[in-house]
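Data first, discussion second: the structure below is written as structure tokens.
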Amino acid sequence: MNASTPEFLKRLRKIVQAEADAQYRALEKQWSRPLQERVARGWAIEGLRIEQMKNGIIRLSCVTNDSRFREGDLVLLHRDGPHDPDALHCELQYDGETDLEVSLIRGNEVFLASNPDGWVMDQDWFDASPFYLEALNVVADSQLGRSTILPLLQGSLFPKIDYARYERARGELQNNGLNESQVEAVALSYATDLLHLIQGPPGTGKTLMLAQLARLLVADGCRVFVTALTHRAIHNALNKIPQVDESIPVCKIGEGRHTSDLDVPNFERFDQSRFGENSGGYVIGATPFALQSRRLSGVEFDVVLFDEASQITLPLAIMGMLAGSKYIFIGDENQLPPVTVFSAAEATQVSIFGYLAGRGNETMLDVTYRLNDVLTQWPSRTFYRNELKSSEEASKRRLNLSPETTRWDFALDPASPAVFLDLCHQNTTVRSRIEADVVMELILSLFMRDVSPEDIGVVVPYRAQSRLIRSLIRGNLLDNDLANRLVVDTVERMQGQEREVVIVSFATASAKFAAQVADFLFQPQRLNVAVTRPRTKLILVGSHHMLDADQFDENHKETMDMLRDLIGSCHVITVPAGRLD
């Protein structure tokens with residue numbers, strides 16, 4: 001190992017420990033607050049009743065749910081405080097406001113049956129630091145780590161391209177529906193001996209490109225490991241592969257409770273898949289943590305494909321890299337970075353994609369099939385050096401509305417793909433009833449003009465605002481199925497998704513509060529993700545008062561200038577809240 005390696009590993013261990021310590025302290029502080037305060041702040045739900053238990057799934061009901069919980073969160077069910085030894089550790093699977101479902105991870109299920117009433121749900125946490133630290137120990141001690149992974153990360157080992165393989169790949173890809181930047185990205189990834197990065201701006205067909213790369217690798221007999229931070233990202237990648245070539249052996253290794261949107265076989269452990277008996281290539285998807293458990297421990301691969309790599313930290317990436325000897329990272333540092341205790345700027349460097357970007361071993365996909373020409377302009381100019389363009393088909397696409405008329409037609413006008421509705425309200429922080437009412441009316445107007453719920457998405461920065469909007473939707477729509485088909489969620493949950501129409505509710509109209517949360521609320525990557533979800537129509541709902549945040553903290557001037565530029569790129573319509581009626 002070179003002289004800087006011990007310091008490099010020491011820094012990574014400090015990152016892992018700092019993250020774990022900060023999360024533990026934050027949760028302990030939260031748990032120490034009175035139940036009334038935890039409920040009021042959205043940290044807990046009280047008065048839960050156990051309605052049913054079956055196959056590890058617990059159905060619960062409550063009268064009031066104003067929590068910040070979202071599906072996928074780890075939660076704790078208890079009757080006598082979060083430190084209750086009889087508490088049950090669960091994962092929230094479904095949040096229907098007053099009806100919830102959790103899957104039991106560990107705990108005494110019998111205790112539930114004898115005590116159906118009076119349960120409390122608090123946030124829970126899983127300490128993953130031992131897995132990260134073990135991976136760092138292995139990378140320091142193994143031949144693969146010392147000769148390949150660490151030198152690659154530290155910049156003392158450089159990838160090489162086999163240009164014969166590169167040219168052959170380009171020839172095979174010409175008639176597979178890929179554009180030039182996709183062909184180039186796949187060919188270089190296929191031909192490299194060690195490493196390649198693929199930057200995929202919103203809507204640029206990353207999943208199709210990944211599937212085509214997997215096809216070429218499997219044809220060579222490679223064992224391919226597909227991994228990502230989230231199960232959803234892994235499923236999206238795996239589901240695409242049979243669409244490219246249904247003969248490719250592909251499966252997921254993981255718990256069965258994470259397979260609702262998975263179209264390929266799932267096995268709890270590798271040996272159940274019988275893929276180990278294959279003499280040729282195959283694709284297996286799993287989280288990096290599966291590599292350190294009985295699910296995939298000791299299973300070797302030739303190539304590791306990391307999807308949504310901008311959200312993967314360096315320690316997590318190393319955990320995945322130990323499974324193979326060639327690495328392809330697909331991501332975009334201009335979309336959401338890892339969720340860490342570090343600042344936005346530091347988080348980008350903690351990301352494996354941000355850490356490796358700029359070294360020359362990368363390709364940017366430059367055609368978006370999602371955004372029309374107007375919606376492409378701002379993100380292309382702001383984040384992608386004006387290199388991102390709409391495809392010919394997407395470029396001229398506009399919102400298709402039926403001929404009925406509504407009071408909000410001035411905002412829905414297809415001729416204005418990007419609109420900012422300035423409601424001029426003041427002083428709101430994480431929740432705005434005025435904005436929620438407007439969002440609800442916009443949704444009803446879209447329904448009247450034959451836009452289906454599946455084509456509408458609402459993006460919010462805070463779960464308090466999403467819960468308020470969802471409650472209004474349920475109150476105004478008698479058809480529960482119709483309401484459930486609408487997506488109202490935070491930016492984090494909307495990354496990777498797209499809709500015909502996207503409504504963004506900022507909620508915050510207090511400039512002073514906006515200054516306090518500017519690093520979160522107006523983080524450039526968050527803005528980029530929020531405004532690149534729609535295909536034809538973007539409606540920003542907010543107040544011009546939030547634009548004064550830099551008057552309270554001049555350090556946010558650059559961020560606020562970016563937000564002003566975004567709004568300036570929209571058709572601005574002033575609709576004072578007092579005149580909405």
Side-chain angles (χ1 to χ4, degrees), residues 142-145 147-149 152 157 159-178 182-198 206-228 234 237-254 263-267 269-286 288 290-291 295-307 320-330 361 363:
S142 65
Q143 177 63 24
L144 175 64
S147 65
T148 303
I149 296 175
L152 264 179
L157 180 63
K160 296 182 179 64
I161 299 296
D162 182 333
Y163 283 98
R165 285 171 61 84
Y166 167 79
E167 292 294 344
R168 175 162 53 82
R170 285 192 62 90
E172 292 184 23
L173 293 166
Q174 289 302 324
N175 298 314
N176 282 278
L178 300 181
Q182 290 172 325
V183 169
E184 182 74 357
V186 173
L188 286 171
S189 298
Y190 174 73
T192 188
D193 64 337
L194 291 173
L195 170 75
H196 197 71
L197 271 66
I198 301 170
K206 296 185 292 291
T207 308
L208 173 62
M209 183 220 58
L210 182 151
Q212 290 288 0
L213 174 59
R215 179 181 65 83
L216 292 181
L217 293 169
V218 169
D220 282 357
C222 292
R223 300 159 298 172
V224 180
F225 181 57
V226 174
T227 191
I234 296 169
L238 297 181
N239 291 345
K240 196 71 174 180
I241 291 170
Q243 298 174 25
V244 168
D245 185 343
E246 61 182 12
S247 69
I248 296 175
V250 55
C251 74
K252 167 106 182 292
I253 303 296
D263 298 334
V264 303
N266 182 83
F267 301 96
R269 299 190 311 275
F270 175 76
D271 54 8
Q272 296 173 339
S273 73
R274 305 184 72 91
F275 274 35
E277 302 170 9
N278 286 12
S279 58
Y282 52 77
V283 178
I284 284 180
L291 299 166
R295 301 185 191 282
L296 277 173
S297 178
V299 179
E300 295 184 16
F301 297 89
D302 299 299
V303 183
V304 184
L305 305 184
F306 293 85
D307 200 10
M321 293 172 78
L322 286 166
S325 55
K326 172 174 168 175
Y327 318 105
I328 309 300
F329 294 97
I330 304 167
N361 311 299
T363 308

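Position 1 is the first residue of the sequence; numbering continues from there.
- A search for salt bridge (Lys or Arg N to Asp or Glu O under 4.0 Å) contacts involving Asp263 returns nothing, not counting sequence neighbours.
- Nearest heavy-atom pair across Ala214 and Val283 is CB-CG2, 4.2 Å.
- No donor-acceptor distance shorter than 3.5 angstrom exists from the side chain of Asp307 to the backbone of Ala228, with no hydrogens or angles considered.
- A donor-acceptor pair is defined here as one N or O able to donate and one able to accept, closer than 3.5 Å; such a pair exists between the side chain of Asp245 and the backbone of Ser247.
- Looking at Leu291 and Leu322, their side chains never come closer than 4.5 Å, going by heavy atoms from C-beta outward.
- Closest of all the heavy-atom pairs between Ser189 and Thr192 is O-CG2, 3.3 Å.
- In this structure, the side chains of Asp162 and Arg168 stay at 4.5 Å or more apart for every pair of heavy atoms.
- With hydrogens and angles ignored, the 3.5 Å screen pairs no side-chain donor or acceptor of Lys326 with any backbone N or O of His196.
- The neighbour count for Glu246 CD, taken as heavy atoms of other residues, nucleotides or ligands under 6.0 Å away, does not exceed 12.
- Between Phe267 and Ile284, the closest side-chain pair of non-hydrogen atoms is not below 4.5 Å.
- Using bins of under 30°, 30° to 60° and over 60° for the plane-to-plane angle, the ring pair Phe275/Tyr282 lands in the perpendicular bin.
- Side-chain atoms of Tyr327 and Ile149, non-hydrogen and from C-beta on, do get closer than 4.5 Å to each other.
- Using a 4.5 Å heavy-atom cutoff, the side chains of Thr148 and Ser325 are not in contact.
- Of all non-hydrogen atoms in Leu144 and Gly324, the two that sit nearest each other are CD2-O, 3.4 Å.
- Looking at Leu208 and Val244, their side chains come closer than 4.5 Å, going by heavy atoms from C-beta outward.
- Atom CD of Gln272 sits in a crowded spot, with more than 12 heavy atoms from other residues, nucleotides or ligands closer than 6.0 Å.
- By the 4.5 Å heavy-atom criterion applied to side chains, Val218 and Val224 are counted as neighbours.
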Q: Evaluate side chain to side chain contact (heavy atoms under 4.5 Å, CB included) for Arg215 paired with Leu173, printing each intermediate quantity in order.
A: CA-CA 11 Å; Arg215 179 181 65 83; Leu173 293 166; 3.9 Å; yes
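- Ion pairing of Arg165 with Asp220 is present here, as a side-chain N (NZ or NE/NH1/NH2) and a carboxylate O approach within less than 4.0 Å.
- A search for ring-ring contact (aromatic ring centres under 6.0 Å, His included) contacts involving Phe270 returns nothing, not counting sequence neighbours.
- Taking all atoms of both residues into account, the shortest heavy-atom contact from Ile253 to Ser273 is CD1-CB, 4.4 Å.
- By the 4.5 Å heavy-atom criterion applied to side chains, Phe329 and Met321 are counted as neighbours.
- The main-chain N or O of Arg223 is found under 3.5 Å from a side-chain atom of Asp302 such that the two form a donor-acceptor pair.
- If you take CD on Glu172 and CD on Gln212, they are separated by 10.0 Å, rounding to the nearest 0.5 Å.
- Distance CG/Leu188 to CZ/Arg170: 8.5 Å, rounded to 0.5 Å.
- Note that CG of Leu296 and CG of Asp271 are 10.0 Å apart. Values are rounded to the nearest 0.5 Å.
- Met209 and Ala185 get closest at one heavy-atom pair: SD-CB, 3.8 Å.
- When all heavy atoms are compared, the tightest approach of Val304 to Gly320 is CG2-O, 3.8 Å.
- The backbone N or O of Ile198 lies less than 3.5 Å from no partner atom in the side chain of Thr363, so there is not a single donor-acceptor pair.
- Separation of atoms CD1 (Ile234) and NZ (Lys252) is listed at 5.5 Å; rounding is to 0.5 Å.
- Taking CG of Leu197 as the reference point, atom CG of Asn361 lies at 7.5 Å (rounded to 0.5 Å).
- In this structure, Tyr166 and Tyr163 have perpendicular ring planes: the angle between them is above 60°, well past the 30° mark.
- In this structure, Ile328 CD1 and Leu195 CG are separated by 7.0 Å, a value rounded to the nearest 0.5 Å.
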